[in-house]
Amino acid sequence: YKVVVTDYEFQTLKPEQEVLSPLNVDFVVAQCYTEEEVIAVCKDADAIINQYAPISAKVIDQLEKCKVISRYGVGVNTVDVDAATEKGIIVANVTDYSVDEVSDHALALLLSLARKIVKLNDEVKSGVWNFNVGKPIYRLRGRTLGLVGFGRIPQALAKKAQSLGLYVIAYDPYIPAKVARQFNVHLVELNDLFRQSDYISVHAPLTKETKGMISDEQFHLAKKELIIVNTARGPVIDESSLIRALQDGKISGAGLDVTEYEPIHPDNPLLQMENVVITPHIAWYSEESEMELKRKTAQNVADVLSG
Ligand code: NAD
């Protein structure tokens with residue numbers, strides 16, 4: 001079988017090779033940016049492993065014998081799934097490789113802001129040893145954490161937050177109340193979540209419905225102490241509304257692993273704010289989750305090729 005990796009930012013293909021070696025696979029690793037480049041290398045491929053390169057309807061139309069397109073990660077936004085399905089090509093993704101990592105990372109962003117770790121660290125390193133510069137800091141126990149979306153990651157986060165003494169509420173129109181009750185989490189409407197929460201962590205997937213779902217209206221309802229964390233997708237929060245809310249003191253801080261445009265533009269005002277902590281879309285990563293992602297992406301290919 002010819003298996004093409006259309007683009008690749010990881011440093012080894014060992015896990016993929018281990019999974020696929022029993023099938024006698026010939027690996028071709030390319031760096032495709034355009035549809036034409038993908039077509040050139042994938043035309044006669046049996047399977048495609050994809051990260052960023054566009055697998056559009058035009059590309060799919062040219063594939064002669066491809067049976068599966070397997071993506072590293074959750075989103076399949078690089079693939080025209082309808083066109084693939086129409087041609088009988090299976091589109092596979094990996095949904096569950098980093099639940100521990102992302103829920104840890106959301107908590108780390110929240111704690112670093114609530115405890116002012118980054119700000120205090122910067123002060124100490126600039127020669128200031130004075131805890132007053134961190135004031136005010138509030139006790140976490142007894143405060144309310146609101147979760148936007150209540151899928152796998154926020155469910156894991158809820159347990160971790162409850163162990164710190166936080167009361168957890170969530171907004172998710174598609175999750176049965178029974179599931180929330182099992183986690184001791186109370187479901188509320190989105191605007192009520194903003195009224196009631198001291199901290200909010202965003203975990204809704206990016207869809208037409210969720211794009212910009214958090215904007216001025218919600219920030220106007222928020223407590224002044226609100227710290228908001230986003231490890232889902234940047235555009236779920238309307239970024240200009242977020243910037244306004246932070247500049248006007250309507251909320252007190254933001255921890256972002258994702259931004260509207262990635263990488264973030266160097267002129268973005270968020271980069272100048274000391275109450276904003278930003279990481280470069282790394283919440284999913286640990287050595288273990290990366291290996292798991294690679295193995296599962298390859299396993300999706302193996303499952304289809306071996307029937
Ligand atoms: P999941 O698929 O388990 O759950 C998604 C939840 O969102 C579901 O319960 C669904 O009902 C809910 N939802 C759908 N539409 C909604 C809406 N309009 N409002 C509120 N909730 C809505 O997802 P997950 O594993 O918990 O992951 C959540 C998101 O985290 C992913 O969609 C992905 O964008 C993001 N993610 C980020 C990283 C990272 O590195 N930063 C890594 C993995 C996942």
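Just so it is clear, the values below take in all heavy atoms, side chains as well, and ignore hydrogens, waters and symmetry mates. Model, not experiment: these values are computed from the prediction. Order of listing sets the numbers, starting from 1, for every ligand and every atom in it.
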For [atom], what is the nearest protein heavy atom, given as residue, atom name and distance?
atom: atom 4 (O) of ligand 1; result: Gly151 CA, 3.2 Å
atom: atom 28 (C) of ligand 1; result: His203 O, 3.1 Å
atom: atom 14 (C) of ligand 1; result: Tyr174 CD1, 3.6 Å

Selected option - heavy-atom contact closest to [atom], from [options]:
atom: atom 26 (O) of ligand 1; options: Val102, Ile153, Val74, Thr279; result: Ile153
atom: atom 9 (O) of ligand 1; options: Val179, Val236, Asp172, Thr210; result: Asp172
atom: atom 7 (O) of ligand 1; options: Pro205, Gly73, Pro176, Pro154; result: Pro205

Below 4.0 Å from any atom of ligand 1, is there a heavy atom belonging to [X]?
X: Thr207; value: no
X: Met213; value: yes
X: Val148; value: no

Could you say whether the N/O atoms of [X] and ligand 1 ever approach to under 3.5 Å?
X: Thr231; answer: yes
X: Thr95; answer: no
X: Tyr97; answer: no
X: Arg152; answer: yes

Check your understanding: Does the distance from a Lys or Arg side-chain N to an Asp or Glu carboxylate O, for Glu36 and Lys58, drop under 4.0 Å?
Key ->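 A salt bridge links Glu36 with Lys58.
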Practice item. Look at Asp104 together with Lys160 and state whether they make a salt bridge at an N to O cut-off of under 4.0 Å. Key: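 So Asp104 pairs with Lys160 through a salt bridge.
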Which atoms from ligand 1 have a heavy atom of [X] less than 4.0 Å away?
X: Ile175; answer: 9 (O)
X: Tyr171; answer: 19 (N), 20 (C)
X: Asp257; answer: 39 (C), 40 (O), 41 (N)
X: Trp284; answer: 39 (C), 40 (O), 42 (C)
X: His281; answer: 39 (C), 40 (O), 41 (N)
X: Glu209; answer: 18 (N)

Flag yes if more than 12 heavy atoms outside [X] fall under 6.0 Å of its [atom1] atom; otherwise flag no.
X: Gln11; atom1: CD; value: no
X: Lys14; atom1: NZ; value: no
X: Arg195; atom1: CZ; value: yes

**Study point:** Partner of Ile237 by side chain to side chain contact (heavy atoms under 4.5 Å, CB included), out of Val258, Thr259, Asn230
**Key:**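 With Ile237 as partner, side chain to side chain contact (heavy atoms under 4.5 Å, CB included) holds for just one option, Asn230.
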Exercise for review: Classify the side-chain pair Thr144/Gln196 by whether it contains a donor and acceptor separated by less than 3.5 Å.
Suggested key: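 Judged by distance alone, the side chains do not pair up.
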Practice item. Return yes if a side-chain donor-acceptor contact under 3.5 Å exists between Ser241 and Asp216, otherwise no. Key: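 Yes, side-chain donor-acceptor contact under 3.5 Å.
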Exercise for review: Could you tell me whether a side-chain N or O of Lys116 sits under 3.5 Å from a main-chain N or O of Gly134, the two making a donor and an acceptor?
Suggested key: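 Yes: the side chain of Lys116 pairs with the backbone of Gly134.
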Point to revise | Sequence-distant partners of Glu287, side chain to side chain contact (heavy atoms under 4.5 Å, CB included), two or more places apart | key: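 Checked Glu287 against side chain to side chain contact (heavy atoms under 4.5 Å, CB included); matches are Tyr285.
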**Study point:** Qualifying residue for side chain to side chain donor-acceptor pair (under 3.5 Å) with Tyr72, from Glu9, Glu16, Glu290, Lys294
**Key:**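 Among Glu9, Glu16, Glu290, Lys294, the one that satisfies the side chain to side chain donor-acceptor pair (under 3.5 Å) with Tyr72 is Glu16.
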Review point. Looking at atom 33 (C) of ligand 1, is any protein heavy atom nearer than 4.0 Å to it?
Key: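 Under 4.0 Å from atom 33 (C) of ligand 1, at least one protein heavy atom found.
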Point to revise | Phe150 and Phe183 aromatic ring geometry - parallel, tilted or perpendicular at 30°/60° bounds | key: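 Aromatic pair Phe183/Phe150 classed perpendicular.
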Check your understanding: For ligand 1, is any non-hydrogen atom under 4.0 Å from Phe150's backbone (N, CA, C, O), its side chain (CB onward), both, or neither?
Key ->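 For Phe150, the contact with ligand 1 is made by the backbone alone.
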